[in-house]
Participant: 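Let me begin by handing over the structure; questions about it come next.
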Amino acid sequence: MSFPLLTATAALPALGAVATAAVPAAQRTAAKWLALLVSLATLALAVTVLVRFDPDGERYQLAENHAWIKDFGVRYELGVDGIAVALIALTALLIPFIILAGWHDADPLETGSRRWRPTQGFFALILAVEAMVVISFEATDVFLFYIFFEAMLIPMYFLIGGFGDRAHAHGEETAATQRSYAAVKFLLYNLAGGLIMLAAVIGLYVVAGNFSLTEIADARANGTLDMATNTERWLFLGFFFAFAVKAPLWPLHTWLPNAMQEATAPVAVLITAVVDKVGTFAMLRFCLQLFPEASKWATPVVLVLALISIVYGALLAVGQRDIKRLVAYASISHFGFIIMGVFAMTSQGQSGATLYMVNHGISTAALMLVAGFLISRRGSRLIADYGGVQKVAPVLAGTFLIGGLATLSLPGLAPFVSEFLVLVGTFARYPVIGIIATFGIVLAALYTLVLYQRTMTGPVKPEVSAMPDLRVREVLVVAPLIVLLIFLGVYPKPVTNIIDPAVKQTLSDVHKKDPRPEVEAAK
């Protein structure tokens, strides 16, 4: 039997979470180093998956298939395509930076505080989330995917509610109340989506007789499984609703600003750069493959919702006074682009959407983590409390600027390529939607540059006059992300080579071809 590489990639952080939680309470530093080493070892396994994956080979590779619950046809079935490989690599890459950035976020509070912050638990929960996200990308059994799609809510709930941001102007009790509210809202929204999806999963089993994604998709393709039109549409809606909550798509997005505002900056990155990607990934893997006709039927409505997300998220970002809420609304706008690319039903759109998932993860991590370093120094999330930071902390201001420019998709930085592909792919089939979506780019430039201008330029406020610049640990967090943003902005081919074959196969699942250019058609 070959080495179960996919299982090992998910199991290692799970075991690391248990080991980190078991470190004695007095050994906080040992727990941090253990979590970091486990995350680096997981990254090594993810790189091994990346190296062993052949983009021109079979659709699902490194497959593992074992009986699990025989009476109900549930199997432990794993496999990765190019899209999953790219997102597993992104997840494994970001977790070490998240751990380093949050190195002191769970340290004991000041003497006399009534709240206890168990350091071991904080890092164990991060590793637990990583394990569940990775296996969600790997699962090709629908029931197995559903279990971890829902299970990751538990550690995220405790990370948001138990380890919130210390920068709060209204005292510890008020902060604790708002953290609890944000955590409960996150949990209820996602549980509601998950329960509706559970009904659809059961319905899929009744119709198909098993939970295997590959078997059901093959049966759909060769005509041996024929779903009634209404049945397929209802099942699609059950799956899509859960993924739209996780993504998040307007109007199911309202949990995200609260969660990102109250969480620490590394946990906010974990939410939007890692966990939320499961929703958009699942739209490609499950909605389009299992319900191709229903996906085409729902496309006009989904595109309108994605367009609203783009413009609405950007408009609200412009008016924010809180740095972290601004990044949250910017992410809602970016997820609108990703979902628009998925449902444009073109190879450029779907390649751009997948590439956008990777690039958004890197750019959001860079911007939010630097913002976290800034907030930790001043003790405030409010934009108005800053000014002139670039004069006292030029490295911090410079990295903040690059992260912001990546967020507005400046040419030469990674998100530009993916956003361009999404817009081209959308315009080819839906030109009006593509044109309106470009306003999101204009608004992104507005909220990003205004944020930088108000926090980093102008007279130095007395409260930031003694602000220290980035420390060595913080530079080690940010510098690799900046390098990746520039590298993938100039040379995205290593990622597109991996994802393009998988995108073409996904497009063939819905029996769609790229529209011919009008000039060529005229000939």
Side-chain angles (χ1 to χ4, degrees), residues 1-15 42 45-46 48-50 52-55 57-89 91-92 130-152 194 197-198 200-222 224-225 227 235-236 238-239 242-243 246 277-279 281-292 501-502 505-506 508-509:
M1 182 181 296
S2 59
F3 179 71
L5 183 57
L6 297 185
T7 294
T9 307
L12 180 59
L15 294 173
T42 304
L45 288 176
T48 305
V49 171
L50 187 64
R52 290 188 56 185
F53 181 80
D54 179 10
E58 296 181 0
R59 181 169 193 173
Y60 293 108
Q61 300 177 34
L62 306 174
E64 301 174 31
N65 196 335
H66 307 284
W68 184 17
I69 309 175
K70 294 183 179 180
D71 292 342
F72 296 99
V74 180
R75 303 188 64 82
Y76 179 78
E77 187 176 330
L78 307 179
V80 289
D81 60 2
I83 299 169
V85 166
L87 293 176
I88 290 170
T91 301
E130 179 182 20
M132 294 175 188
V133 169
V134 168
I135 202 167
S136 296
F137 290 140
E138 297 173 346
T140 54
D141 182 278
V142 177
F143 191 80
L144 179 66
F145 168 83
Y146 173 77
I147 289 175
F148 290 99
F149 180 81
E150 287 293 275
M152 70 179 69
M197 181 183 170
L198 178 59
V201 169
I202 295 170
L204 180 66
Y205 176 76
V206 171
V207 173
N210 65 79
F211 293 105
S212 173
L213 170 67
T214 54
E215 290 183 18
I216 297 172
D218 289 344
R220 296 301 314 272
N222 60 35
T224 57
L225 175 59
M227 288 187 193
L235 293 178
F236 166 85
F239 277 74
F243 303 152
K246 185 85 79 179
K277 298 299 186 300
V278 178
F281 163 80
M283 291 178 187
L284 277 167
R285 170 165 281 191
F286 295 100
C287 287
L288 269 59
Q289 287 189 52
L290 294 176
F291 316 110
Q505 291 173 320
T506 302
S508 69
D509 290 333

Participant: I'd like to know if the side chain of Q289 and the backbone of R285 have a donor-acceptor N/O pair within less than 3.5 Å.
Facilitator: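 Indeed, once roles are kept as given, a pair shorter than 3.5 Å links the two residues.
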Participant: For atom CZ of F143, is the number of surrounding heavy atoms from other residues, nucleotides or ligands below 6.0 Å larger than 12?
Facilitator: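 It does not: F143 CZ has 12 such atoms or fewer within range.
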Participant: Distance check, rounded to the nearest 0.5 Å: T9 atom OG1 versus I135 atom CD1?
Facilitator: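 Rounded to the nearest 0.5 Å, the OG1-CD1 separation comes to 10.0 Å.
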Participant: Of all the heavy-atom pairs spanning A200 and L235, show the shortest one and how long it is.
Facilitator: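 Nearest heavy atoms, A200 then L235: O-CD2, 3.4 Å.
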Participant: If you measure from CD on E130 to CG on L12, what distance do you get to the nearest 0.5 Å?
Facilitator: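 If we round to the nearest 0.5 Å, E130:CD and L12:CG are 8.0 Å apart.
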Participant: Please identify each residue that fulfils ring pair (Phe, Tyr, Trp, His ring centres under 6.0 Å) with Y205, with sequence neighbours left out.
Facilitator: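 Applying ring pair (Phe, Tyr, Trp, His ring centres under 6.0 Å) to Y205 gives F211.
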Participant: Could you check whether any side-chain heavy atom of M197 comes within less than 4.5 Å of a side-chain heavy atom of I202, counting everything from C-beta outward?
Facilitator: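 With C-beta onward as the side chain, the pair stays apart.
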Participant: Could you check whether any side-chain heavy atom of F291 comes within less than 4.5 Å of a side-chain heavy atom of I216, counting everything from C-beta outward?
Facilitator: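 F291 vs I216: side chains apart.
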Participant: Looking at A242 and G194, what are the two nearest heavy atoms and their distance?
Facilitator: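 Answer, listing the atom of A242 first, then G194: CB-N, 4.3 Å.
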Participant: Kindly write out the residues that satisfy side chain to side chain donor-acceptor pair (under 3.5 Å) with E215, not counting sequence neighbours, or none if the list is empty.
Facilitator: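 Side chain to side chain donor-acceptor pair (under 3.5 Å) check on E215 returns nothing, list empty.
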Participant: Looking at every non-hydrogen atom in both residues, tell me the closest pair between E138 and A10 and how far apart they are.
Facilitator: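 Shortest heavy-atom separation between E138 and A10 comes out as OE1-CB, 4.1 Å.
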Participant: For the residue pair F145 and F243, does the interplanar ring angle fall in the parallel (under 30°), tilted (30 to 60°) or perpendicular (over 60°) class?
Facilitator: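 Perpendicular, since the angle between the ring planes exceeds 60°.
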Participant: Applying side chain to side chain contact (heavy atoms under 4.5 Å, CB included), run through D141 and W68 and close with a yes or a no.
Facilitator: CA-CA 11 Å; D141 182 278; W68 184 17; 5.7 Å; no
Participant: Show me, pair by pair, the donor-acceptor contacts under 3.5 angstrom made by side chains of residues 75-83, not counting sequence neighbours?
Facilitator:
from	atom 1	to	atom 2	distance (Å)
R75	NE	N65	OD1	2.5
R75	NH2	N65	OD1	3.1
Y76	OH	T7	OG1	2.7
E77	OE1	S212	OG	3.3
E77	OE2	T140	OG1	3.3
E77	OE2	S212	OG	3.1
E77	OE2	T214	OG1	3.1
D81	OD1	I83	N	3.3
D81	OD1	A84	N	2.9

Participant: Tell me every residue that passes side-chain contact (heavy atoms from CB on, under 4.5 Å) with R52, counting only those two or more places apart in sequence or in another chain.
Facilitator: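 side-chain contact (heavy atoms from CB on, under 4.5 Å) list for R52, sorted by chain: L5, T48, L62.
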Participant: Answer yes or no: is there a side-chain heavy-atom contact under 4.5 Å between V278 and M152?
Facilitator: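 The answer is yes; the side chains approach within 4.5 Å.
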Participant: Under the ring pair (Phe, Tyr, Trp, His ring centres under 6.0 Å) test, which residues partner Y60, sequence neighbours left out?
Facilitator: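 Here no residue qualifies.
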Participant: What heavy-atom pair brings A46 and A89 nearest, and what distance separates the two atoms?
Facilitator: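 For A46 and A89, the tightest heavy-atom pair comes out as CB-CA, 4.5 Å.
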Participant: Distance from F137 atom CZ to L87 atom CG, nearest 0.5 Å?
Facilitator: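 The CZ atom of F137 sits 4.5 Å away from the CG atom of L87.
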Participant: How long is the gap from CZ on F239 to OH on Y146, to the nearest 0.5 Å?
Facilitator: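 Taking CZ in F239 and OH in Y146, the distance rounds to 10.0 Å.
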Participant: Please give me the minimum heavy-atom distance between L45 and A8, naming the atom from each residue.
Facilitator: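 Taking every non-hydrogen atom into account, CD1-O, 3.6 Å.
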Participant: Does the side chain of V133 come within less than 4.5 Å of F148's, by heavy atoms?
Facilitator: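 No; the side chains remain at least 4.5 Å from each other.
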Participant: Within the distance-only criterion (no hydrogens, no angle test), does the side chain of E64 pair as donor or acceptor with the backbone N or O of L6 below 3.5 angstrom?
Facilitator: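 Answer holds: yes.
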Participant: Is the shortest heavy-atom distance from the side chain of Q61 to the side chain of V49 under 4.5 Å?
Facilitator: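 No, their side chains stay 4.5 Å or more apart.
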Participant: For K246, check side chain to side chain donor-acceptor pair (under 3.5 Å) against everything at least two apart and list the hits.
Facilitator: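 For K246, no residue satisfies side chain to side chain donor-acceptor pair (under 3.5 Å) once neighbours in sequence are set aside.
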Participant: Carefully, step by step, assess L290 and M227 under the rule side chain to side chain contact (heavy atoms under 4.5 Å, CB included).
Facilitator: CA-CA 10 Å; L290 294 176; M227 288 187 193; 5.9 Å; no
